[in-house]
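Shown next, in structure tokens, is the structure this report addresses.
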Amino acid sequence: MKFILDAEQRLFGETLDKLLAQAGTPAVARDWAAGRPEPGLALWRSLAEAGLFAVAVPERAGGAGVLPVELVTAFHELGRHGVPGPYAETVAAAVLLDRLSILAEGPAEGAAAVRRSGAAEGTPDAPSSIVAEGTADAPSSFLAEGRAEAWLPGIAEGTVVASLALPPLVPYALDADVASVVLTVEGDELRTAAPGQVRESLDPARRLFPVVPGDVLAAGPEVASAAGEARDLGTLACAAQLVGVGRRLLEVSVDYAGTRRQFGRPIGEFQAVKHHLANALVELEYARPLVHGAALAYGSPDFSHEVSAAKAMASDAAYGAARIALQVHGAIGYTDEYDPSLLIRKARALRAAWGSPADHRARVMSALTGP
Amino acid sequence: MDLDLSSVEPFRAEVRAWLRAHVPAAPLPSLETKEGFAAHRAWERRLHEARLSVVSWPEEYGGRDATPLEWLVFEEEYYAAGAPGRVGQNGINLLAPTLFQHGTPEQLARVLPPMASGEVIWAQAWSEPGAGSDLASLRATATRVAGGWRLNGQKTWSSRAAFADRGFGPFRSDPEAGRHHGLTYLMFALDAEGVTRRPIGRIDGKPAFAELFFDDVFVPDHDVIGEPGSGWRVAMSTTGNERGLTLRSPGRFLAAADRLVELWQAHGDPADTALRDRVADAWIRARAYRLKGFETISRTEDVGAESSVNKIFWSELDVALHETALDLLGPDGELAGEWLEGYVFSLAGPIYAGTNEIQRNVIAERVLGLPRAGRP
């Protein structure tokens, strides 16, 4: 048992941290918010080259398979640097597509006869729907191999940006206007989706879109279970991101409290300020092991409720750190132009993304006590 | 990174089987009463006979040389089994680690075996009427005499001292030296000539602690821990244990959280989602505490001041968990019983072992690196 990051995992995090520190992420986020996604998309590709998406894409599509500890390590850094973009959504889409395409290739002989439907309607980005038709003793309908096989390598390489809505927990598709693939799952149907009218978020770098469902890509109970797995992994990524957001807010607040002078001394000398910052640290210190523990539960029956536990506590810890950061900074933290205020806003937004703390506490309790 | 506990499963199974066969069916009387103290002492002896009272100690002193992971697993099983509270914990968790670090081989051989068997129960004697959070202002004295020291002055809030056998703590041996200097760490018998103890009823009236008055109490040289004058350093090495994992292991909170979930199932109103969320939180936080424990023992560097982070977390979790249970019990929440006993016990957590406000100062200055305020 060794419940700390190993040397390679640490190095992966440090590499991403360096890359992001050099990228000037606050400016990237402001461009993104203003509808200028190019710097953010360039950063997307750099992160892909550094292996960010490889940890969520299977080996046959050019990835490394799902490496959940590496995944949370990466998302912690994305959170610390306030990187804009549908990263958690793309990771979730990768898992969803992978699960359904494995089923389409299917181990069972003659399990599914493939039927093309509406081939002509396909757009270049979203090739025609291919559904597999079930036989009596086989699952009903799965995503056929063609489409997932086209998208997954693109996700690994950073050339495909995916977004998705998984209502009710994830009702909007983040940044769907810049995504090349937009998906939604409703009930047991996986569909392509078109973005509706953008909705403004408190976090200006989160552009939320209601979705208009399109072609059915796959249908059947397996879709719902794959969507559950995708939702859990996306939620885990978001929890890791939240811990990163909280960490950075604590770092900048400690720096500020050590230099900002009032009453002839740094405000960090005052116990009221010290205790706020100590409280923020305590919560973040316990949210991190929950995130790591949930990552290690990937593939086990406990994964789903461990992710919920991690998301609930990470949300509270990060949001608590944001409130404290705002209070310690005073008026400057309440301004749009001050970069840490981007993270203060992000903490609040991510708290409800991928399920609110109340949603996740309810999920924990239903796992512990039965429905 | 992994959470592979398979290597400790045989040990877990052995502990679980022994506990299942030996844990008393009915809870022992409160260990804060004379009768309960005796019953808990007898329980310590049974644990010792199975070599389960101090699993992490070396074999020669009654332990099993258990690894930190085995110790965590022992604690999980111990509390999951509903086994009695540990009346010997102040000695085992606070004095023994200090002796391992600063004691002589003679002291280890003399003090540890009777501590492991419950034959000698220890009380911590640190606080004084004028020295609580500001421990370094303590005034009880140790004066050099032939062959040893004479203690004079007063200690207070000494946990378990109403019924314990021996005590330990820092005394001022050089009044001329600065606050943190000139202290000497000593062990003494609570029935020695010149010691007067006056039990103090805690908030529920049980004599859980005591005042101690020292009137020319003789302590031989071999009961000094570390060098005379180095008592502050010796004491601070104890606080790491006190605030860290050893005093309040994750197993304790995991078991309590599981019982809270059962209580919710038995008494909870499904429509009361606010209360349900508090139950969920207690469970989530107990689990976070467990995982943090695994993280702590996986690290190689000294945890140091980070133990203060731990102390805040477990003490607040303990209070919140028991408050939730009492709220769940509704009108029965004020009635004497195990939950109420646990609640009263938990209320002291944010105060002892350094108040949580002192811990926040420690975290701010020594973990986060914020500037020290002007203090004497």
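All values derive from a computational prediction rather than experimental measurement. Convention: sequence-line order gives letters A, B, ...; per-chain numbering from 1.
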Let me see the working for A:F303 and A:V307 under side chain to side chain contact (heavy atoms under 4.5 Å, CB included), right down to the final yes or no.
-> CA-CA 6 Å; A:F303 181 60; A:V307 165; 3.4 Å; yes
Contact class of A:V282 relative to chain B, heavy atoms under 4.5 angstrom | both
Among B:V279, B:T273, B:D277, which residue meets the side chain to side chain contact (heavy atoms under 4.5 Å, CB included) test with A:M365?
-> B:V279
Among residues 312-333 of chain A, residues within the sub-4.5 Å heavy-atom range of chain B, in order of number, are A:A312, A:M313
Mind checking whether B:E59 and B:R51 have side chains closer than 4.5 Å, heavy atoms only?
-> yes
Is the closest basic N to carboxylate O distance between B:D2 and A:K2 below 4.0 Å?
-> no
Chain A contact via B:V8 - which portion, at a heavy-atom distance below 4.5 Å = neither
Audit row: A:N279, A:E283, side chain to side chain contact (heavy atoms under 4.5 Å, CB included) steps and yes/no | CA-CA 7 Å; A:N279 287 337; A:E283 296 299 302; 5.9 Å; no
Is it the side chain or the backbone of A:H305 that comes within 4.5 Å of chain B heavy atoms, both, or neither?
-> side chain
Any side-chain heavy-atom pair of A:F3 and B:I297 under 4.5 Å | no
So, the part of B:E295 with a heavy atom under 4.5 Å from chain A: the answer is both
With chain B, the option among A:D255, A:L250, A:L281 that has the most non-hydrogen atom pairs under 4.5 Å is A:L281
Name the region of B:E262, side chain, backbone, both or neither, that has any atom closer than 4.5 Å to a heavy atom of chain A.
-> neither
What's the shortest heavy-atom distance between A:P340 and A:L249, and which atoms?
-> O-CD2, 3.7 Å
So do A:V66 and A:Y298 actually touch side chain to side chain, heavy atoms under 4.5 Å?
-> yes
Please look at A:A295 and chain B and tell me whether the side chain, the backbone, both or neither of the residue comes under 4.5 angstrom of a heavy atom of that chain.
-> neither
Against chain B, label A:Q9 side chain, backbone, both or neither, depending on which of its atoms sit under 4.5 Å from a heavy atom there.
-> side chain
So which part of B:L368 gets closer than 4.5 Å to some heavy atom of chain A, the side chain, the backbone, both or neither?
-> both
Which bit of A:L296 is near chain B, if near means a heavy-atom gap under 4.5 Å: side chain, backbone, both or neither?
-> side chain
Indicate the ring-plane relationship of B:Y289 and B:F253, choosing parallel, tilted or perpendicular according to the 30° and 60° boundaries.
-> perpendicular
Whatever's closer than 4.5 Å to a heavy atom in chain B on A:V69 counts as side chain
Interface moiety of A:A297 toward chain B, non-hydrogen atoms closer than 4.5 Å | neither
Between A:Y286 and B:F313, what is the ring plane arrangement, given parallel below 30°, perpendicular above 60°, and tilted in between?
-> parallel
Sort A:E251 into side chain, backbone, both or neither according to what part of it lies under 4.5 angstrom from a heavy atom of chain B.
-> neither
